[in-house]
Student: 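After the structure tokens below, expect a handful of questions from me.
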Amino acid sequence: MDDEPLPTPAVSPGLDLDLRLVRYFTVVAEHLNFARAAAALHVAQPSLSRQIQRLEDALGVRLLERTTQGSRLSAAGAAFLPRAQALLHTADQAVLAARAAAPPRTITIGYVEDLVITPAVRDLRRRHPDAHVRTRHLDSDEAGALPGRQVDALVTRTPLPIPDDGLEVTVLYDEPRVLLVPASHPLAGKESVSPDDFAREPLVACAGMAAAWTGFWRLAPRPDGAPAPLGPMLVDTFEDKLEVVADGRAVAIVPAGDRRSTLRDDLATIPVDGIEPCQVAVVTRAGDRNPLVAGFRESARNCLAR
């Protein structure tokens, strides 16, 4: 007898199920090894473990059991896996159906953290009044929305926290990096500092980011090949980073143009001499033939470049 197809998965009205966590679980279930799954997902292993824990907490069951050889599915995990896969397939089909019904001239523009893209979006809408132009704010660790086709263009800082294979990067301007310290720090108030001035200071690290991105923002490795001193904890968000620095537990390197730290009187920024700047750029998928993508790139150069 043929197996009956699984019923279309339904989520309890009282459960807010994060599909990203469900996708992470299916990849871990495929590899049954957190290290290999983290590499496949391009995330740090500790971050992946925390995300799986979040899913288990939301469901109220343990999905995976650790073993000396790796991991294995619990009874609940084995029951959840096929329905999780069906749920993701249904979500993908819903996205495709929505996009197929969308107006033919559409573009979704992503932008990260504190960057402002309003002038370029306004210019694109003025030049293409019949187009459907949408914007989407992303955290830095959501840059994968571009290769994943959730957005068609992305305004972000380099280096990218994701592999740049198949992406086209248009640099808009250079942006210096500055040292972020507590307002009471001995270096606060100086006109500028060099990396030697804070060589022994622990620096905040963000969880789940690519090694090239993390190394750039932590000035690691140092010129002598030594690793940058690691702060007492990993953080998930920029706001968490501000809190760790304000509490005096670490310092951080941040973009000079990021104004979020200026909203707090317990923090200070100092220009850093002798380090290369980051860059603000428009990133698109290479070979994208959507004319609005090229149009936005032009608007960004005209309205956002410094």
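Computed from a predicted model, the values in this text were never measured in an experiment. Because only heavy atoms are used, hydrogens play no part in the values below, and waters and symmetry mates are left out as well, while side chains stay in.
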Student: Between Ala250 and Val204, which heavy-atom pair has the shortest distance, and what is it?
Tutor: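 Distance-wise, the nearest heavy atoms are CB-CG2, 3.6 Å.
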Student: Kindly compute the distance separating CZ (Arg83) from OG1 (Thr90), expressed to the nearest 0.5 Å.
Tutor: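 Output value for this atom pair is 12.5 Å.
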Student: Shortest non-hydrogen contact from Thr108 to Arg136?
Tutor: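 Where Thr108 meets Arg136 most closely, the heavy atoms are CG2-CB, 4.3 Å.
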Student: Name each donor-acceptor pair under 3.5 Å that joins a side chain in residues 265-276 to protein atoms two or more places apart or in another chain, with its distance.
Tutor:
residue: Asp266; atom: OD1; partner: Arg264; partner atom: NE; Å: 3.1
residue: Asp266; atom: OD2; partner: Arg264; partner atom: NH2; Å: 3.0
residue: Asp273; atom: OD2; partner: Ser192; partner atom: OG; Å: 2.9

Student: Say you draw a straight line from CG of Leu41 to OG of Ser47; how long is it, rounded to the nearest 0.5 Å?
Tutor: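 So the CG of Leu41 and the OG of Ser47 are separated by 10.0 Å.
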Student: So Tyr111 and Thr118, side-chain contact (heavy atoms from CB on, under 4.5 Å) or not? Walk me through it.
Tutor: CA-CA 10 Å; Tyr111 61 104; Thr118 307; over 6 Å; no
Student: Is any side-chain heavy atom of Phe296 closer than 4.5 Å to one of Thr284?
Tutor: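 Sidechains of Phe296 and Thr284: no contact.
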Student: Kindly work out whether a path of hydrophobic side-chain contacts (I/L/V/M/F/W/Y, heavy atoms less than 4.5 Å apart) joins Val43 to Leu19.
Tutor: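 Per the 4.5 Å side-chain linkage, Val43 and Leu19 are co-clustered.
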Student: Mind checking the CG-OG1 spacing from Leu203 to Thr214? Nearest 0.5 Å is all I need.
Tutor: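 Answer rounded to 0.5 Å: 11.5 Å.
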Student: Do you know the tightest heavy-atom contact between Pro182 and Ala246?
Tutor: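 Minimum heavy-atom separation between Pro182 and Ala246: CB-O, 4.3 Å.
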Student: Which distance, rounded to the nearest 0.5 Å, do you find between the CD of Glu113 and the CD of Glu239?
Tutor: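 Here the interatomic distance stands at 6.5 Å.
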Student: So, Thr262 side chain and Arg259 main chain: donor-acceptor pair closer than 3.5 Å or not?
Tutor: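 Here the side-chain-to-backbone pair exists.
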Student: Can you find a heavy atom in the side chain of Arg285 that is under 4.5 Å from one in the side chain of Asp152?
Tutor: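 Heavy-atom side-chain distance check passes, below 4.5 Å.
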Student: Do the side chains of Leu81 and Leu59 join up, straight or via other hydrophobic residues, at under 4.5 Å, putting them in one cluster?
Tutor: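 Shared cluster, yes.
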Student: Would you say that Val280 contacts Leu115 through its side chain, given a criterion of any heavy-atom pair below 4.5 Å between the two side chains?
Tutor: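 They are in contact (side-chain heavy atoms under 4.5 Å apart), so the answer is yes.
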Student: Does the side chain of Leu17 reach to within under 4.5 Å of the side chain of Leu55, using non-hydrogen atoms?
Tutor: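 Yes, side chains in contact.
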Student: Would a hydrophobic clustering, with Ile, Leu, Val, Met, Phe, Trp and Tyr connected at side-chain separations under 4.5 Å, put Val155 with Trp213?
Tutor: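 In one cluster with Val155: Trp213, no.
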Student: Roughly how far, to the nearest 0.5 Å, is CG of Leu172 from SG of Cys303?
Tutor: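 With rounding to 0.5 Å, SG (Cys303) is 10.5 Å from CG (Leu172).
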Student: So, for Ala305 and Tyr173, which heavy atoms are closest and what is the spacing to 0.1 Å?
Tutor: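 Shortest heavy-atom contact: CA-CD2, 4.2 Å.
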Student: Yes or no on side-chain contact (heavy atoms from CB on, under 4.5 Å) for Ser261 and Lys241, after CA distance, side-chain angles and deciding distance?
Tutor: CA-CA 10 Å; Ser261 63; Lys241 178 184 292 188; over 6 Å; no
Student: Are the side chain of Asp258 and the backbone N or O of Arg260 linked by a donor-acceptor pair below 3.5 Å?
Tutor: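 Yes: the side chain of Asp258 pairs with the backbone of Arg260.
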Student: Might you confirm whether atom CZ of Arg72 has over 12 heavy atoms from other residues, nucleotides or ligands at distances under 6.0 Å?
Tutor: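 Not more than 12 within 6.0 Å, no.
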Student: Is the backbone of Ser74 close enough, under 3.5 Å, to the side chain of Arg62 for a donor and an acceptor to pair up by distance?
Tutor: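 Here the side-chain-to-backbone pair does not exist.
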Student: Measure the shortest side-chain to side-chain distance between Leu242 and Leu180 over non-hydrogen atoms and say whether it is less than 4.5 angstrom.
Tutor: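 Sidechains of Leu180 and Leu242: in contact.
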Student: Between Glu56 and Leu64, is there a donor-acceptor pair closer than 3.5 Å when you use the side chain of the first and the backbone of the second?
Tutor: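 Answer holds: yes.
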Student: Of the non-hydrogen atoms in Ala44 and Ala38, which two are nearest, and what is the gap between them?
Tutor: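 For Ala44 and Ala38, the tightest heavy-atom pair comes out as C-CB, 4.1 Å.
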Student: Over all heavy atoms of both residues, which pair between Gly257 and Arg157 is shortest? Give the atoms and the distance, please.
Tutor: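 For Gly257 and Arg157, the tightest heavy-atom pair comes out as C-NH2, 4.3 Å.
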Student: Are side-chain heavy atoms of Ile162 and His42 found at a separation under 4.5 Å?
Tutor: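 Ile162 does not reach His42 side chain to side chain.
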Student: Would you say Arg54 and Gln51 are linked by a side-chain donor-acceptor pair, where the criterion is simply a distance under 3.5 Å?
Tutor: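 Note: Gln51 and Arg54 side chains meet the donor-acceptor criterion.
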Student: Begin with the C-alpha distance, continue with both residues' side-chain angles, and end with the deciding distance and a verdict on side-chain contact (heavy atoms from CB on, under 4.5 Å) for Arg105 and Leu292.
Tutor: CA-CA 8 Å; Arg105 289 172 55 80; Leu292 293 175; 4.0 Å; yes
Student: Do Pro255 and Trp217 have side chains that get closer than 4.5 Å, going by heavy atoms?
Tutor: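 They are in contact (side-chain heavy atoms under 4.5 Å apart), so the answer is yes.
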Student: Going from CG on Leu154 to CG on Leu138, what distance comes out if it is rounded to the nearest 0.5 angstrom?
Tutor: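 Going from CG on Leu154 over to CG on Leu138, the span is 6.5 Å.
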Student: For Glu175, is there an ion pair with Arg306 - N to carboxylate O distance below 4.0 angstrom?
Tutor: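 No salt bridge links Arg306 with Glu175.
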Student: Using a 6.0 Å cut-off, check whether atom NE2 of His89 has over 12 heavy atoms from anything other than its own residue.
Tutor: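 Count not over threshold, so no.
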Student: Counting C-beta onward and ignoring hydrogens, is there a side-chain heavy-atom pair between Ile107 and Leu124 closer than 4.5 Å?
Tutor: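 Heavy-atom side-chain distance check passes, below 4.5 Å.
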Student: Is the side chain of Asp197 donor-acceptor paired with the backbone N or O of Ser194 at a distance under 3.5 Å, no angle test?
Tutor: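 Yes.
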Student: How would you list all residue pairs meeting side-chain hydrogen bond (donor to acceptor under 3.5 Å, both in side chains) that involve residues 177-191, not counting sequence neighbours?
Tutor: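 Sorted result for residues 177-191: His185-Glu201.
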Student: Should we say atom CZ of Arg149 is surrounded by more than 12 heavy atoms from elsewhere, each under 6.0 Å from it?
Tutor: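 Result for CZ/Arg149: open.
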Student: Would you say the side-chain atoms of Gln150 pair up with the backbone N or O of Gly148, donor to acceptor, closer than 3.5 Å?
Tutor: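 Checked: pair present.
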Student: What about Phe216 and Leu179, same hydrophobic cluster or not, with Ile/Leu/Val/Met/Phe/Trp/Tyr joined at side-chain heavy-atom distances under 4.5 Å?
Tutor: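 Same cluster: Phe216 reaches Leu179 through Ile, Leu, Val, Met, Phe, Trp or Tyr contacts under 4.5 Å.
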Student: Starting from Val112, can I reach Val254 by hopping between I/L/V/M/F/W/Y residues whose side chains sit under 4.5 Å apart?
Tutor: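 Different hydrophobic clusters.
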Student: Report, one line per pair, each donor and acceptor closer than 3.5 Å where one atom sits in a side chain of residues 22-33; sequence neighbours left out.
Tutor:
residue: Thr26; atom: OG1; partner: Arg23; partner atom: O; Å: 2.7
residue: Asn33; atom: OD1; partner: Ala35; partner atom: N; Å: 3.0
residue: Asn33; atom: OD1; partner: Arg36; partner atom: N; Å: 2.9

